[in-house]
There are 2 protein chains.
Amino acid sequence: MFTLDPRLERDTILLGEFPLSKVLLMNDARYPWLILVPKVTGVTELFQLNDKQQEQLMRESNFVAKALNDLVQADKMNVAALGNVVSQLHIHHVARYQSDETWPAPVWGKGEAVAYSEQEITAVCQQITAVLSDLLHDAS
Amino acid sequence: MFTLDPRLERDTILLGEFPLSKVLLMNDARYPWLILVPKVTGVTELFQLNDKQQEQLMRESNFVAKALNDLVQADKMNVAALGNVVSQLHIHHVARYQSDETWPAPVWGKGEAVAYSEQEITAVCQQITAVLSDLLHDAS
């Protein structure tokens with residue numbers, strides 16, 4: 001059975017699931033930031049997924065990047081599978097602005113995450129789940 | 001007609017072309033690092049490619065990541081479409097080691113690139129083009 005990495009679980013809020021992936025909101029109010037985690041045990045690299053999983057992940061990743069970009073009108077989306085700290089395969093989708101505190105550097109390892117307030121979480125989760133509703137279902 | 005961004009051209013060595021993408025070696029001997037640039041004018045985000053292009057880029061990206069990983073036996077591949085500095089869509093494939101100078105941070109914007117010597121370039125290009133030969137053809 002697939003288990004989410006404990007650090008990913010600690011740092012994020014679960015929004016729901018796509019057919020292949022868990023959909024997580026990074027709990028960092030500095031950046032609109034969604035993470036997809038394919039529910040496949042023991043995979044650390046994109047190319048380790050089978051062909052069908054690779055295609056499905058591509059569809060889910062491009063869907064979430066476009067939806068988030070359209071929602072927040074980013075200057076640039078940063079899409080990345082890094083995994084140097086958490087090796088469980090996960091794909092970042094970070095909406096970036098030329099005015100954000102880290103631009104143009106990547107966001108990872110820069111500064112401290114700013115957790116959302118409970119009120120913010122409710123609003124942000126509602127906004128994002130609304131634009132993902134075509135693929136999203138509740139976590140089982 | 002598609003034109004490579006001047007900064008990408010300056011910082012890399014052209015290895016050849018895949019059906020969709022130009023294949024570039026980053027001229028930085030600190031990391032085995034390949035970049036794919038889809039030959040599609042005016043595109044800055046993955047989701048702006050049409051469905052066929054998205055599928056082809058996924059195949060090319062996973063092929064190049066696996067080939068480079070197998071060749072250099074990386075501890076982790078970092079695959080990323082960022083574009084905060086150069087907006088022309090390009091996908092990084094960086095082979096990382098726990099012993100490299102930036103681990104576990106991302107490589108972008110850290111330290112100074114170390115250019116390959118002419119002798120190194122010849123050897124590295126030969127090694128890499130050999131493992132990419134199934135998809136690679138000379139730049140036209």
Side-chain angles (χ1 to χ4, degrees), chain A residues 7 31 36 43-70 73-111, chain B residues 7 31 43-71 73-111:
Chain A
R7 173 146 180 186
Y31 314 101
L36 294 184
V43 169
T44 59
E45 301 285 354
L46 292 161
F47 59 77
Q48 293 168 343
L49 297 171
N50 68 34
D51 288 356
K52 280 198 170 177
Q53 292 165 339
Q54 288 181 22
E55 282 174 31
Q56 182 61 28
L57 180 58
M58 176 201 72
R59 279 192 290 269
E60 294 180 2
S61 176
N62 288 338
F63 173 77
V64 86
K66 182 174 190 311
L68 185 59
N69 180 68
D70 289 356
Q73 296 289 308
D75 290 327
K76 189 71 192 70
M77 290 302 299
N78 288 177
V79 178
L82 303 178
N84 305 341
V85 177
V86 171
S87 64
Q88 182 175 73
L89 180 62
H90 59 288
I91 299 88
H92 299 274
H93 305 76
V94 191
R96 303 297 309 275
Y97 298 94
Q98 294 180 14
S99 58
D100 72 40
E101 69 174 48
T102 316
W103 181 274
V107 297
W108 301 277
K110 296 280 173 63
Chain B
R7 172 145 179 186
Y31 314 101
V43 170
T44 59
E45 300 285 355
L46 292 161
F47 59 77
Q48 293 168 342
L49 297 172
N50 67 34
D51 288 355
K52 280 198 170 178
Q53 291 165 339
Q54 288 182 21
E55 283 175 29
Q56 181 62 28
L57 180 58
M58 176 202 71
R59 278 193 290 270
E60 294 180 1
S61 177
N62 288 338
F63 172 77
V64 87
K66 182 175 191 312
L68 185 59
N69 181 69
D70 290 354
L71 177 66
Q73 296 290 306
D75 290 328
K76 190 72 192 68
M77 290 302 300
N78 288 177
V79 178
L82 303 177
N84 304 341
V85 177
V86 170
S87 64
Q88 181 175 72
L89 181 62
H90 60 288
I91 300 90
H92 299 274
H93 304 77
V94 192
R96 303 296 308 276
Y97 299 94
Q98 294 181 13
S99 59
D100 72 39
E101 70 175 47
T102 317
W103 182 272
V107 297
W108 301 276
K110 295 280 174 62

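Given the structure is predicted, the values throughout are model-derived calculations rather than measurements. Residue numbering restarts at 1 for every chain, and letters A, B, ... go by the order of the sequence lines.
Looking at A:D70 and A:K66, their side chains come closer than 4.5 Å, going by heavy atoms from C-beta outward.
Contact tally against chain A (heavy-atom pairs below 4.5 Å) for B:A105, B:S61, B:G83: the top residue is B:G83. The most heavy-atom pairs under 4.5 Å with chain B, out of A:N84, A:I91, A:L46, A:N69, come from A:N84. Residue with the most contacts toward chain B among A:A65, A:A81, A:P106: A:A81 (heavy-atom pairs, distance under 4.5 Å). Between chain A and the residues B:N78, B:L49, B:L57, the most heavy-atom pairs under 4.5 angstrom are made by B:N78. When each of B:M58, B:R59, B:Q54, B:K76 is checked for heavy-atom pairs under 4.5 Å with chain A, B:K76 comes out on top.
Atom OG1 of B:T102 is separated from atom NZ of B:K110 by 6.5 Å, given to the nearest 0.5 angstrom.
Tested against A:S87 for a side-chain contact (heavy atoms from CB on, under 4.5 Å), the candidates A:T44, A:L82, A:V43 yield a single pass: A:T44.
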Next on the checklist: Before you tell me yes or no, could you show the steps for B:Y31 and B:E101 under side-chain contact (heavy atoms from CB on, under 4.5 Å), namely the whole-Å CA-CA distance, both residues' side-chain angles and the distance that decides it to 0.1 Å?
Outcome noted: CA-CA 9 Å; B:Y31 314 101; B:E101 70 175 47; 3.7 Å; yes

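Scanning both residues, A:W103 and A:R96, for their nearest heavy atoms gives N-NH2, 3.0 Å.
Residue A:W108 touches chain B through both its backbone and its side chain, counting heavy-atom pairs closer than 4.5 Å.
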